[in-house]
Amino acid sequence: MKMSKLYMPTLREVPSEAELPSHKYLLRAGMIRKLVSGVYSYLPLGYRVMKKIENIVREEMDNIGSQELLMSAIQPSELWKESGRWDDFGPEMFKLKDRHEREFCLGPTHEEIFTDLIKDELKSYKQLPLNLYQIQTKYRDEKRPRFGLMRCREFIMKDAYTFDMDEEGMTESYRDMWRAYENIFTRCGLDFRVVEGDSGAMGGSDSHEFMAMSVVGESEIAYCGDCDYAATDEKAICEYKIEVSDSKELEKEKVSTPNIKTIEELTEFFNIPSENFVKTLIYQGKDEVLAVLIPGNRELNEVKLLKHLAIPEHELELADEETIKRVTGANVGFAGPIAISDEVRVIVDKRVTNMKNFIVGGNETDYHIKNVNYNRDFHGEIVEDLLLVREGDKCPKCGSSLKMDRGNEVGNIFQLGTKYSDALNATYLDKNGKAQKIYMGSHGVGISRTMAAIIEQYHDDKGIIWPLSVAPYHAVVTVINAKKEDQMELGEKLYKELSSKGIEVLIDDRKERAGVKFTDAELIGIPIRIAVGRKANENIVEFVIRGEGEKIEIKSEEVLGKVKEVFKSQGLDI
RNA sequence: CGGGGUGUAGCGCAGUUUGGUAGCGCAUCUGGUUUGGGACCAGAGGGUCGCGGGUUCAAAUCCUGCCACCCCGACCA
């Protein structure tokens, strides 16, 4: 491809909206442009990278016997109503109506549609297992789209669905998928970690997330340095323990705490560590107000609370000021379990019941109550674990100390069980002619997000450094002075030679100065650069690997061999 | 959705406090000189100042309603 013809609008300046390196460089390198918040156009270079990633995914899916097909992005509401997710998905779903007022949505995921596709025609155990996938545009009306391709409202995803006879088969398909994903992300050059995930809105049991590590990653994970335990912060079991205290229960006492609201202020005011306080968080649930009590030195894990309540995420939020005032009779910051309004459902983390003589809000502005004890002073629903893990907590598997890290979720695998086959009545006949539920799995790879995640791991202050496996072009022949015939001639000769060997090459034939060509090549991250300049007449060119800095002068005949070496060093054949 | 902020040329911004006919840098176009790390000179084009309403002789600037976008928080591939 001649760069003089390539539509590659690079930017010298950083658009003010971009924060993350991946977002900045995707824009600056002319790979994407924003249409509206969370919706992007992929320009030629960006789209080439996308297709590279898609093809890696395709090859690995095909390797485990998954078959590609393509579904519509538009889906009728009926199937979603059958599974109950029309409401569960909530405001995250883009909904629309046709001219007959019939309801549709733009698919955020395709469990229902795949199940519906197979259920009438897959009738015998002889047809199982079945593994199908598609690479397609997905729509989710995110609360807050951000970070360029990292969190979009329209994004490209590979979603695979597995259909098995029983749990054992499902687990086997799950393992196949796991292996395929490890291959995919390894081939993309990513430093990633597999962690236990929460199944969330998808439903089902076992799930794992593939996290591309990044200091600015959106997800937090907890992992153990001594064993293989790793989980998202929301999923991680919190082994924090409070032993039953045998100290004597003291007389409870109201204390004036003028304008002292936060745990931090309270520890200072009382000069008592935060472990001796109990936090009361007021939530608005579905048609009810909740008071959630947890130890004062810990944070609540909302996902665990959602699970306990068995409601979707969008039906739970922190109560507003007005509600807090109504149920506690006090300003925000003085909520407690004692004498709280009867309408409130009180939920208590088990650890609180082991504590003695703790301090809670007084449900009266500017007052707290000390020497409070569970059972004697208040009651509630006891829940085993509502806490968010924290660095240093005990590993639930081996007891060693947990560490925290950040990453971006680029893939996940779910064991769905029979949730969708139950809802949509998808059955097969077993050997005995008896109808059985199909066991399903659902497996996603965020293709566009993977593209961003790769840049997060592969960039420097000059731009992107693509791994060869996903680079939009493998090499660029930079003709230093396009007006000099000998340079153009040698450049074109190299371009043709490399292209004929299956190497994807750009030739920078633009009437620009050398500096412009170099900076652009670095910005768009082409792995190999061959500069043809003054020594063209001696058949000498300059060879540089992006990100490695060391320039060497070689004979033009040696170029092909050098290029092959670079491919080999990245584990690729050409 | 809550909190904070921003909308002025393709991009990055100044001008708004104190109303007076819209500016800078980069990019673009033309001509020339230059040519191994984002060149220089000369000239040119490009803006409903986010949108609507109001105040005023006069509004980018003041008032008001709306919209969009970004950042921080809670969710996901």
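Each chain gets a letter, A, B and so on, in the order its sequence line appears, and its residues count up from 1.
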Inspect the contact between A/Arg298 and A/Asp349 and indicate whether a charged nitrogen and a carboxylate oxygen are less than 4.0 angstrom apart. no
A/Met211 atom CE is separated from B/C76 atom P, nearest whole Å, by 11 Å
In whole angstroms, the gap separating P of B/C11 from OH of A/Tyr25 amounts to 20 Å
In 5'-to-3' order, the base (B), backbone-only (S) or no-contact (-) status of each nucleotide in nucleotides 30-39 of chain B, using a 4.0 angstrom heavy-atom cut-off, is ----BBBBBB
Between CE of A/Met157 and C1' of B/A77 the distance, given in whole Å, is 6 Å
Protein-proximity profile, nucleotides 67-74 of chain B, B/S/- by nucleotide at the 4.0 Å heavy-atom cutoff, equals --SSBBBB
May I ask you to say whether A/Glu111 pairs ionically with A/Arg85, meaning some side-chain N is under 4.0 Å from a carboxylate O?
yes
From CZ of A/Phe89 across to C1' of B/C76 the rounded distance in Å is 9 Å
- Query: Hey, do the aromatic rings of A/Trp80 and A/Phe89 have their centres closer than 6.0 Å?
  - Reply: yes
Notebook entry, point to check: Are any non-hydrogen side-chain atoms of A/Ile528 and A/Val563 less than 4.5 angstrom apart?
Noted result: yes
Between CZ of A/Phe185 and P of B/A77 the distance, given in whole Å, is 12 Å
To the nearest angstrom, the CG-C1' distance between A/Asn408 and B/C76 comes to 11 Å
When rounded to whole Å, the CD to P distance for the pair A/Glu209 and B/C75 reads 12 Å
On RNA chain B, more 5' by nearest nucleotide between A/Gly444 and A/Pro15 is A/Pro15
Checklist line | Distance-only donor-acceptor check, side chains A/Asp509 and A/Ser4, under 3.5 Å | finding: yes
Residues passing the salt bridge (Lys or Arg N to Asp or Glu O under 4.0 Å) test with A/Glu522, sequence neighbours excluded, are A/Arg529
* Asked: Does the side chain of A/Thr450 come within less than 4.5 Å of A/Phe185's, by heavy atoms?
  -> yes
* Asked: If only atom types and distance count, is the side chain of A/Glu182 paired as donor or acceptor with the main-chain N or O of A/Arg179 below 3.5 Å?
  -> no
Applying the 3.5 Å cut-off to both distances, the Watson-Crick or G-U partner of B/C1 turns out to be B/G73
>> By the 4.0 Å heavy-atom rule, please label A/Glu92 as base, sugar-phosphate, or nothing.
In response: sugar-phosphate
When rounded to whole Å, the CD to P distance for the pair A/Glu142 and B/C1 reads 16 Å
